[in-house]
Q: 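Dropping the structure in here first, questions after.
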Amino acid sequence: MKRIVSLFLMAALLLAVVGTVSAEGKTIVYWSMWEAAEPQGQVIQKAVDAYMAETGNKVDLQFKGRTGMREGLQPALDAGTVIDLFDEDIDRVNFQWGTYLLDLEELAKAADYEATANAGLMAVARANGGGTLKSIPYQPFIFNYFYNVDLFEDAGVTEAPATWEAFMEACQKLKDKGYIPVTSDDAYVLLTMGYHLARLVGEEQVDKIVKEGLWAEEPAVLKAAQDFEEMAKKGFFSPTIASSAFPANQNGELALGEAAMYLNGSWLPNEVKAMTGPDFNWGCFPYPELEGGVTGLNHANFGGQVYGINAKTEVAQEAFDIILKVTKGEFDSQLSQESMGVPSDTNNSQWPDSLKNVKPVYDAITKAYESDPAIRFSWGAGIENNPDMTPIIKQEVQKLFSGAITAEEFVNNLETASSK
Amino acid sequence: MRKTTGKIVVFLTPALIFFLTVFLYPIIRTATMSFFYVENITSGMKDWSFVGLSNYVKLANTSLFRTSMWNLLRIWAIGGLLVLGLGLMFAMILNTGVRMKKFYRAVIYLPNIISAVALATMWLQFVYSTRFGLLTNLFKTMGIDSLAAVEWTGPGNKFWALLFAYCFGMVGYHMLIFSSGIEKIPAEYYEASSIDGANILGQFRHITWPLLKGVLKTNITMWSISSVGFFIWSQLFSTVTSDVDTISPMVYLYNQVFSAGNAITQRDAGLGAAVGMTLGILVVLVFVAVNLFIRDDELEF
């Protein structure tokens with residue numbers, strides 16, 4: 001009798017377990033680069049909750065942050081941790097973790113994904129994936145000059161400067177009106193030099209300069225340094241450009257309306273919204289063209305975060321469905337509005353108000369990329385490509401911008417520092 | 001006898017296995033890795049490329065790494081003098097029978113229980129701010145305009161700004177260790193010396209200092225280990241990209257191993273391992289030197 005009861009109980013237990021599994025559906029493990037408290041993290045959490053409610057599948061969503069992803073994703077994948085879906089920067093995902101990625105061409109085709117996606121950005125993802133689609137972009141960004149339109153108007157600058165001469169003129173007018181024309185923080189100050197050099201000689205040459213130490217050999221370095229020396233002499237840079245610890249100047253001088261321009265990404269309005277309030281009149285213009293330079297207004301760093309699906313996943317379709325949930329329709333729109341970011345879904349034509357002046361620049365650049373992929377700069381147009389030199393270049397740039405050293409000293413210091 | 005051996009084996013085996021897997025294996029792997037080019041820290045050995053001593057040669061020839069070592073030396077030596085000196089001084093004062101000893105001790109120790117992120121943010125965005133910072137306003141109020149105009153986090157100054165902020169948070173920890181050492185010294189020694197006419201300085205020189213040598217050794221070793229592992233404060237004082245003034249060998253290692261900046265650069269866990277080995281050897285050298293020069297086995301109490 002006891003044996004019969006035991007068998008009965010075991011069978012009941014087994015049925016209960018099987019029933020539970022089928023009722024719970026599949027589990028998708030998603031590692032995200034955002035923090036749970038960030039606007040992006042909050043909207044993604046909502047999208048995932050909606051996905052779970054609709055499908056009955058379970059999503060194990062873990063917010064790892066940028067550092068957590070950079071340190072932990074690859075070791076975890078190597079150790080066999082089940083991670084079906086992850087996100088990070090478009091270059092990092094494809095270049096550093098490319099071997100772990102599932103080819104998404106078929107899944108994207110089946111969902112007709114590209115019908116409502118930015119063609120330029122999809123082309124970047126495909127180019128980074130070695131000619132095939134291994135990642136799906138979202139939260140697009142563009143890196144260019146962001147400025148306070150009201151200060152420009154007050155200073156009588158009616159048009160965003162497209163050339164260096166116009167840029168210097170605008171700086172002078174702003175300075176005369178009592179504003180700080182250009183500000184930055186230690187996190188981004190170096191990128192101005194990257195863009196300027198890349199305007200003069202292109203990113204490939206910038207890469208060579210920083211990696212091979214061609215500071216004295218490449219005349220464009222001195223030319224760029226002289227341009228900035230002139231700006232420093234005329235007082236166009238923030239007086240705290242050499243000492244501002246991120247985010248002091250973006251939160252202070254720029255957000256509070258004392259400084260007019262900041263070379264940064266389109267995430268900037270979101271980062272400073274608590275300081276600016278909703279009425280800040282944002283503008284955006286491409287880094288100006290330089291006389292004799294080889295790159296034009298459309299050459300810029302742009303990209304986005306991307307989703308990658310683990311090639312070893314057993315829930316590829318489910319992971320792709322989560323991507324669809326976040327990057328299309330309602331939640332893409334929410335993501336855009338909440339994070340003051342660029343929408344991924346082209347049907348979401350309503351951009352956040354703060355980015356309305358960014359749209360023409362973004363559209364022009366992503367459109368231009370479709371016919372000329374060479375216009376896309378990598379981060380800082382290559383100025384940070386040699387980690388053994390980046391802090392040294394940054395310090396010399398800070399000194400140059402603050403007027404502590406001359407253009408010649410800038411060149412000589414870097415030439416000396418890069419010679420082994 | 002057999003029973004005893006069995007017991008030893010039973011009790012020691014888990015500890016031995018734990019030691020071998022958690023300590024010895026990573027040390028051996030890191031030492032081996034330092035002679036290879038290894039792109040990813042978790043790459044299998046089949047993906048490693050032997051490069052001989054070239055990782056160490058590269059480190060010796062890289063000015064940024066040399067700068068990071070120079071920063072480390074200054075943090076260890078100058079910061080050590082400051083932190084251990086102040087720690088000892090506070091410990092002595094607190095053990096002279098001062099009233100509200102527990103309160104003062106808690107206040108001095110307080111920075112240790114506050115997150116480094118919060119502390120660094122306070123120093124960077126408030127104390128050192130030239131816009132509304134404590135120092136700027138203080139010197140303005142005092143009418144010292146030259147000091148009020150100093151950019152505390154500018155090139156050349158940032159190292160000192162970092163060092164001071166870091167030391168501020170570390171004094172309490174070492175004070176406690178000194179304090180526990182002083183409390184162990186029998187009060188009769190001080191009473192007897194007072195009767196013999198010794199003043200406070202004399203008591204310090206002939207009683208406290210000799211009997212604190214063991215504690216001093218502990219403090220120097222602890223300080224050396226924490227200095228070598230100097231990372232978080234450096235990262236907090238130079239977010240996104242490292243600074244010449246604040247880079248430490250650990251940050252250099254981190255940047256090399258994880259391509260931690262925004263630019264996607266080549267990763268080299270082998271080079272990182274060479275940094276790790278260099279730092280490990282440094283700690284051992286300091287430990288040996290401390291044991292050699294500070295002898296605490298001459299006195300027993």
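Within every chain, numbering begins at 1; the chains are lettered A, B, ... in the order of the sequence lines, protein sequences first and strands thereafter.
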Q: Without swapping roles, check the side chain of A/K399 against the backbone of B/P155 for a donor-acceptor pair under 3.5 Å.
A: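 Side chain of A/K399 to backbone of B/P155, a donor-acceptor pair under 3.5 Å: no, none is there.
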Q: Are any non-hydrogen side-chain atoms of B/I41 and A/P75 less than 4.5 angstrom apart?
A: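 Side chain of B/I41 against side chain of A/P75, heavy atoms only: contact under 4.5 Å found.
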Q: May I ask you to test the A/P391-B/V244 pair for a side-chain heavy-atom distance under 4.5 Å?
A: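 Side-chain contact under 4.5 Å: yes.
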Q: Check whether more than 12 heavy atoms from other residues, nucleotides or ligands sit under 6.0 Å from atom CE of B/M122, and answer yes or no.
A: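 Yes, enclosed.
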Q: Taking everything shown except A/E204 itself, do over 12 heavy atoms lie less than 6.0 Å from its CD?
A: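 Atom CD in A/E204 is not crowded, with 12 or fewer foreign heavy atoms closer than 6.0 Å.
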Q: Non-hydrogen contacts under 4.5 angstrom with chain A: give the residues of residues 127-136 of chain B involved, or none if there are none.
A: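 Counting heavy atoms that sit under 4.5 Å from chain A, the residues of residues 127-136 of chain B involved are B/T130, B/R131.
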Q: Answer yes or no: are there more than 12 heavy-atom neighbours, outside B/F164 itself, under 6.0 Å from its atom CZ?
A: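 Atom CZ in B/F164 is not packed in, count stays at 12 or less.
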Q: Check this for me: B/F18, atom CZ, are more than 12 non-hydrogen atoms of other residues, nucleotides or ligands nearer than 6.0 Å?
A: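 No, CZ of B/F18 has 12 or fewer neighbouring heavy atoms, counting only those of other groups under 6.0 Å.
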Q: Among B/V240, B/V257, B/D243, who wins on heavy-atom pairs under 4.5 Å with chain A?
A: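 The option with the most such pairs is B/D243.
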Q: Near B/F231 CZ, under 6.0 Å, is it more than 12 heavy atoms from other residues, nucleotides or ligands?
A: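 Yes, because the 6.0 Å sphere around CZ of B/F231 holds more than 12 heavy atoms from other groups.
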Q: Please classify the contact between A/T240 and chain B as side chain, backbone, both or neither, with a heavy-atom cut-off of under 4.5 Å.
A: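 Both the backbone and the side chain of A/T240 come within 4.5 Å of chain B.
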Q: Given A/D186 and B/F237, is the side chain to side chain contact (heavy atoms under 4.5 Å, CB included) satisfied, shown in steps?
A: CA-CA 10 Å; A/D186 61 349; B/F237 264 64; over 6 Å; no
Q: Test your reading of the model: is there a side-chain donor-acceptor pair from A/Q96 to the backbone of B/F258, 3.5 Å cut-off?
A: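 Between the backbone of B/F258 and the side chain of A/Q96 there is no qualifying donor-acceptor contact (under 3.5 Å).
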Q: Quick check on the interface: out of B/S242, B/G154, B/G156, B/S43, who has the most heavy-atom pairs with chain A under 4.5 Å?
A: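 Heavy-atom pair counts peak at B/S242.
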Q: Might you work through the side chain to side chain contact (heavy atoms under 4.5 Å, CB included) test for A/Q398 and B/K158, ending with a clear yes or no?
A: CA-CA 13 Å; A/Q398 286 176 316; B/K158 205 170 188 179; 5.9 Å; no
Q: Run A/I392 and B/S63 through side chain to side chain contact (heavy atoms under 4.5 Å, CB included) and show every step you take.
A: CA-CA 9 Å; A/I392 299 170; B/S63 65; 3.6 Å; yes
Q: What residue, out of A/R66, A/E258, A/M389, has the most heavy-atom pairs lying under 4.5 Å from chain B?
A: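 Of A/R66, A/E258, A/M389, A/E258 has the most heavy-atom pairs under 4.5 Å with chain B.
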Q: Side chains of B/F65 and A/D388: does their closest heavy-atom pair fall under 4.5 Å?
A: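 In short, these two side chains do not touch, never coming nearer than 4.5 Å.
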Q: Pick one of side chain, backbone, both or neither for A/L191, based on which atoms fall under 4.5 Å of a heavy atom in chain B.
A: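 Answer is neither: A/L191 stays 4.5 Å or more from chain B.
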Q: Report, by ascending residue number, the residues of residues 86-94 of chain A in heavy-atom contact with chain B at a distance under 4.5 Å; give 'none' if the set is empty.
A: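 Hits under 4.5 Å: A/D89, A/D91, A/R92.
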Q: Return the OG1 to CD1 distance between B/T241 and A/I383, rounded to the nearest 0.5 Å.
A: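 Atom-to-atom, B/T241:OG1 and A/I383:CD1 are 11.5 Å apart.
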Q: Does a sphere of radius 6.0 Å around CG in A/L214 hold more than 12 heavy atoms from other residues, nucleotides or ligands, not counting ones at 6.0 Å or beyond?
A: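 Yes - once you tally the heavy atoms of other residues, nucleotides and ligands closer than 6.0 Å, there are more than 12.
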Q: Mind ranking B/L64, B/N262, B/L124 by heavy-atom pairs under 4.5 Å with chain A and telling me who comes out on top?
A: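 Of B/L64, B/N262, B/L124, B/N262 has the most heavy-atom pairs under 4.5 Å with chain A.
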Q: Tell me, side chain or backbone of B/T246 under 4.5 Å from chain A's heavy atoms, or both, or neither?
A: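 For B/T246, no heavy atom lies under 4.5 Å from chain A.
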Q: Quick one: does A/P247's side chain get under 4.5 Å of B/Q125's, heavy atoms only?
A: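 A side-chain contact exists here, since the closest heavy-atom pair is under 4.5 Å.
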Q: So does B/W76 have more than 12 non-hydrogen atoms from other groups sitting under 6.0 Å from CH2?
A: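 Atom CH2 in B/W76 is not crowded, with 12 or fewer foreign heavy atoms closer than 6.0 Å.
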Q: Can any side-chain N or O of B/Q256 pair as donor or acceptor with the backbone N or O of A/P387 at less than 3.5 Å?
A: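 Answer holds: no.
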Q: Has the side chain of B/T265 got a donor or acceptor atom that lies under 3.5 Å from a matching backbone atom of A/N386?
A: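 Not a single qualifying donor-acceptor pair exists.
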